[in-house]
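Below you'll find the structure, written out as structure tokens, and then a few comments.
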Amino acid sequence: MRINVLQHTPNEGPGYIHRWSQLHHHEMYIYHPYRFGHLPSADETDMLVILGGPMSPNDDLPWIKEERKLVSQLLADNKPIFGACYGAQLIVKTLGYQIGKAPHKEVGWAPVYLQSHVIPGLPEKLTALHWHEEMFEIPEEAELLFNSDLVKNQGFVLGHHVVGLQFHFEPEADNVREIAINDSQYPLDHNDLHQTSQDIIDHGVPAENQEVMYKILDFISAK
């Protein structure tokens with residue numbers, strides 16, 4: 001299977017998604033549309049992963065419009081799509097729903113709570129990395145998957161091949177350090193989780209996050 005990854009900032013890579021791809025002997029191609037403006041075609045995409053970034057799906061940028069076209073084609077083809085943070089928002093925007101400011105800015109580690117059992121084996125409560133201040137609407141055709149104490153709409157599942165998460169299960173420890181040191185100012189500005197970059201690094205990645213990321217990818221890629 002060819003997994004095409006859309007990466008939107010140098011310090012937010014695929015993390016555990018890359019490990020899962022290697023475990024199953026898939027081929028992964030990583031695109032940087034914000035830098036090079038190049039995207040894969042729908043025909044050469046077996047699974048699409050849309051990672052986070054500092055931009056908003058509401059931004060009037062040509063490459064974001066092209067990303068929405070790609071997502072629209074893959075939705076029509078019923079191909080697997082996973083979106084993290086900006087990626088989840090982009091899927092929702094493509095479906096015609098709103099992206100706006102969340103009631104709270106969440107940057108750091110905080111619990112999320114399972115709201116649907118459609119994906120087998122997910123725990124009722126997990127600790128995830130949050131790095132956002134916008135929030136998506138839950139599409140009418142989708143199901144709420146996670147919420148948090150501060151922001152209700154934290155994840156959705158659409159059918160059997162699309163999952164979007166407002167937060168991050170994909171980063172490994174090295175990825176968390178990379179995110180935190182390169183975007184160290186962001187947690188300091190009106191952050192309702194009241195964590196610094198060093199707090200975020202010191203917390204460490206919960207062991208179950210890798211397993212949960214794998215289960216989500218197994219679910220959307222199943223025939």
Under 6.0 Å between the ring centres of [X] and [Y]?
{"X": "His32", "Y": "Tyr34", "answer": "yes"}
{"X": "His26", "Y": "Trp20", "answer": "yes"}
{"X": "His160", "Y": "Phe219", "answer": "yes"}
{"X": "Tyr31", "Y": "Phe36", "answer": "no"}

Practice prompt. Would you mind checking if Asp174 and Arg177 are paired as a salt bridge, meaning a charged N to carboxylate O distance below 4.0 Å?
Written response: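 Salt bridge present between Arg177 and Asp174.
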Which atom names give the shortest non-hydrogen contact between [X] and [Y], and what distance separates them?
{"X": "Ala42", "Y": "Lys79", "result": "O-NZ, 2.8 Å"}
{"X": "His8", "Y": "Pro54", "result": "O-CD, 4.0 Å"}
{"X": "Ile99", "Y": "Glu134", "result": "CG2-OE1, 3.8 Å"}
{"X": "Ile64", "Y": "Ser56", "result": "CD1-O, 3.5 Å"}
{"X": "Asp46", "Y": "Met1", "result": "CB-CG, 3.2 Å"}
{"X": "Ile91", "Y": "Val163", "result": "CD1-O, 4.4 Å"}

Exam field: side chain [X] to backbone [Y], donor-acceptor pair closer than 3.5 Å:
{"X": "Glu211", "Y": "Glu208", "answer": "no"}
{"X": "Asn175", "Y": "Pro14", "answer": "no"}
{"X": "Ser116", "Y": "Val118", "answer": "yes"}
{"X": "Asn147", "Y": "Gln115", "answer": "no"}
{"X": "Asp199", "Y": "Gln195", "answer": "no"}
{"X": "Asp77", "Y": "Leu74", "answer": "no"}
{"X": "Gln89", "Y": "Phe136", "answer": "no"}
{"X": "Asn182", "Y": "Glu178", "answer": "yes"}

Discussion item. Is the ring pair Tyr86/Trp63 parallel, tilted or perpendicular, if the boundaries are 30 and 60 degrees?
Written reply: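 Taking Trp63 first and then Tyr86, their aromatic rings sit tilted (interplane angle of 30° to 60°).
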Discussion item. Once you measure the plane-to-plane angle for His203 and Trp109, does it fall in the parallel (<30°), tilted (30-60°) or perpendicular (>60°) bin?
Written reply: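 Parallel: the ring planes of His203 and Trp109 meet at under 30°.
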Worksheet item: Are His132 and Gln154 close enough that some pair of their side-chain heavy atoms sits under 4.5 Å apart?
Response: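 Heavy-atom side-chain distance check passes, below 4.5 Å.
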Worksheet item: Does any non-hydrogen side-chain atom of Lys93 lie less than 4.5 Å from one of Arg68?
Response: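 In contact.
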Worksheet item: Can you hop from Val71 to Ile17 via hydrophobic side chains spaced under 4.5 Å?
Response: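 No, because Val71 and Ile17 fall into different hydrophobic clusters, even though each may have its own neighbours under 4.5 Å.
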Worksheet item: Taking the six-membered ring of Tyr186, is NZ or CZ of Lys105 closer than 6.0 Å to its centre and within 45° of its axis?
Response: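 Yes, Lys105 and Tyr186 form such a contact.
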